Amino acid sequence: MLTHEALTTQALTPQRLQQISDARQHKKLAVAKLVSLFENRLKESAQERHDIICHLQNEAPPRGSIIGFTGTPGAGKSTLIAELCKTLLAKDTQVSVAVLAIDPSSHISGGSILGDRTRMRITENAERLYFRSQASNLELGGITQATYHATRILRYFYDFIFIETVGIGQNEIDIQHMAHHTFLVMQPLAGDQIQFMKCGIMEIPDSFVINKCDEDRLAKSSYYMLRTALKHARLVEASATDDVKQAHKENIFMISALKQIGLEPLAEKILTLRDQGKHRSDDRFYLNKLIAKQYGEFGLQIIARVDDHDEALLPTFEAKQRAAEAAVRAQIKLV
Ligand SMILES: Nc1nc2c(ncn2[C@@H]2O[C@H](COP(=O)(O)OP(=O)(O)O)[C@@H](O)[C@H]2O)c(=O)[nH]1
Ligand SMILES: [Mg+2]
C-alpha cells in the first residue's frame with residue numbers, strides 16, 4: 001500500500017562524500033554538520049538524510065552502542081561521564097565515544113552551550129571523543145526526537161554513544177527504549193533509592209552507579225542500602241547474599257568520579273557492550289511518537305497497518321515517515 005510513496009535513493013554529492021569520509025576520521029566539524037542535519041530534521045533535507053543513511057548502511061551496518069546515564073540532577077552524571085571517557089580512551093586506543101548531553105537548564109538559559117558543558121571537563125582535543133549538548137526544549141529534561149536522530153548518524157562513526165539525561169519519570173522510559181544499556185547514577189545516602197523504588201523506576205536500569213563514594217565506608221554502606229532496596233523491589237531475591245567485592249559482577253558500580261575511584265570496572269563493563277548498534281532500529285518507535293503528535297490515535301491506527309516487510313522497502317526513518325504521512329493524508333481525504 002505504501003511502497004509507491006517510498007523515497008528513491010539518490011547519489012551523494014562529492015562534497016557530502018568528503019564530509020562522510022572526514023566524519024569517519026572523527027573530524028569534528030564534519031561530524032557536527034552531519035549531526036545538525038539529522039537533529040534539525042528540516043523537511044527539505046529529508047531526501048539527503050535518507051541518501052546518507054542508505055550510503056552508510058550499504059557499506060557497513062551501524063556499530064555504535066548507545067549507553068544511557070540517567071539520574072537526578074547533581075548526582076554527578078556529567079563528572080562521571082567525563083572521567084569515564086578519559087579512562088575508556090586511555091584503556092583502549094581504538095575506541096571512540098560520542099557524548100550527547102541533554103541539558104535541562106536550557107529552559108532557563110535559553111541555550112544548551114553553557115550548563116553541563118562547563119562541567120564536562122573533557123579535553124576537547126581528544127580525537128576519538130565527540131561532545132554535543134542538546135537543548136531539551138521538546139520534552140522536559142529528557143530524550144527528544146533530536147536525540148534519537150543524532151544517534152542514528154553517530155552510530156556509524158563512534159563505538160559508543162553516551163547519553164546523559166535527567167531521571168524524571170518518562171525519560172527513564174525513553175532512555176531505556178533508545179539505549180542498549182542504561183546506568184542509573186545515584187548519590188549515596190541521598191534517599192534516591194527509596195524515591196526510585198516508589199516510582200517503580202528501579203526496574204528500568206540495567207546497571208547502577210553509586211557515585212560520590214569518596215571513601216570506602218560510604219561505598220560499603222551505599223552498596224548495602226541499594227541491595228536492600230533491590231530486594232524490597234523484588235529485583236534481587238531476598239535470600240541472595242550481598243558481597244560488596246563482587247558488586248560489579250551484579251552490575252553495581254561504586255565510584256567516586258571526583259577522586260577517580262572505581263572507574264576501571266565500569267570501563268571494562270562498557271567495553272563488553274561494544275557492537276550492539278547493528279541489532280536494533282528504533283525508527284518505528286519514534287515514527288509512532290511523531291505521528292501521534294501530528295494525528296493522534298487516528299494516525300497511529302493507520303500506520304499500524306504498515307506491514308513489517310515494508311521495513312526492507314522503507315529502510316530509513318525518512319522513507320517510513322514519508323510513507324506514513326502519505327497514508328494518513330490519504331485516509332483523511334477519504335473520511
Ligand atoms: N564528592 C563528590 N562530588 C562529586 C562527585 N562527582 C561529582 N561531584 C560533584 O557533584 C556536583 C554535580 O555534578 P554533575 O556532574 O554536574 O552532576 P549531574 O547534574 O548529575 O550531571 C558537582 O559539584 C560535582 O563536582 C564525586 O564522586 N564525589
Ligand atoms: Mg549533568
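Whatever order the structure lists them in is the order used to number ligands and atoms, beginning at 1. No experiment lies behind these values; they were computed from the predicted model shown.
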Response to the item:
Numbered in order shown, the ligand 1 atoms found under 4.0 Å of a heavy atom of S256 are 27 (O)
Worksheet item: In terms of atom number and element, which parts of ligand 1 are under 4.0 angstrom from non-hydrogen atoms of K77?
Response: 15 (O), 17 (O), 18 (P), 19 (O), 20 (O), 21 (O)
Discussion item. Taking the ring of F69 and the ring of F162, is the distance between their centroids below 6.0 Å?
Written reply: yes
Item to complete: Pick whichever of N211, I210, T79 has a heavy atom sitting closest to atom 15 (O) of ligand 1.
Response: T79
Worksheet item: Is R274 salt-bridged to D159, cutoff N-O under 4.0 Å?
Response: yes
Worksheet item: What part of V185 sits under 4.0 Å from ligand 1 if we count only heavy atoms: the side chain, the backbone, both or neither?
Response: neither
Fill in: the Mg ion (ligand 2) contact by T79, N, O or S atom under 2.8 Å
no
Worksheet entry | Contact with ligand 1 for Q187, non-hydrogen, under 4.0 angstrom | no
Practice prompt. Find out whether R16 and T13 are in side-chain contact, i.e. whether some heavy atom of one side chain is under 4.5 Å from a heavy atom of the other.
Written response: yes
Practice prompt. May I ask you to check whether over 12 heavy atoms, not counting those of K269, lie within 6.0 Å of atom NZ?
Written response: yes
Discussion item. Keeping S45 on the side-chain end and E48 on the backbone end, is there a donor-acceptor pair under 3.5 Å?
Written reply: no
Worksheet entry | Of all N/O/S atoms in E164, the name of the one nearest the Mg ion (ligand 2) | OE2
Discussion item. Side chain or backbone, does I255 bring an N or O within less than 3.5 Å of an N or O on ligand 1?
Written reply: no
Worksheet entry | ligand 1-proximal atoms of K259, by part, heavy-atom distance under 4.0 Å | neither
Fill in: N or O pair under 3.5 Å between P73 and ligand 1
no
Fill in: Worked verdict on I255 versus K212 for side chain to side chain contact (heavy atoms under 4.5 Å, CB included)
CA-CA 6 Å; I255 287 179; K212 306 195 187 181; over 6 Å; no
Discussion item. Quick test of your reading of the model: are K320 and D283 salt-bridged, counting only N-O distances below 4.0 Å?
Written reply: yes
Item to complete: Answer yes when E268 and K91 have at least one side-chain N-carboxylate O distance shorter than 4.0 Å, and no when they do not.
Response: yes
Item to complete: Report yes if some N/O of G76 lies less than 3.5 Å from some N/O of ligand 1; otherwise report no.
Response: yes
Worksheet item: Is the closest N or O pair between L258 and ligand 1 shorter than 3.5 Å?
Response: yes
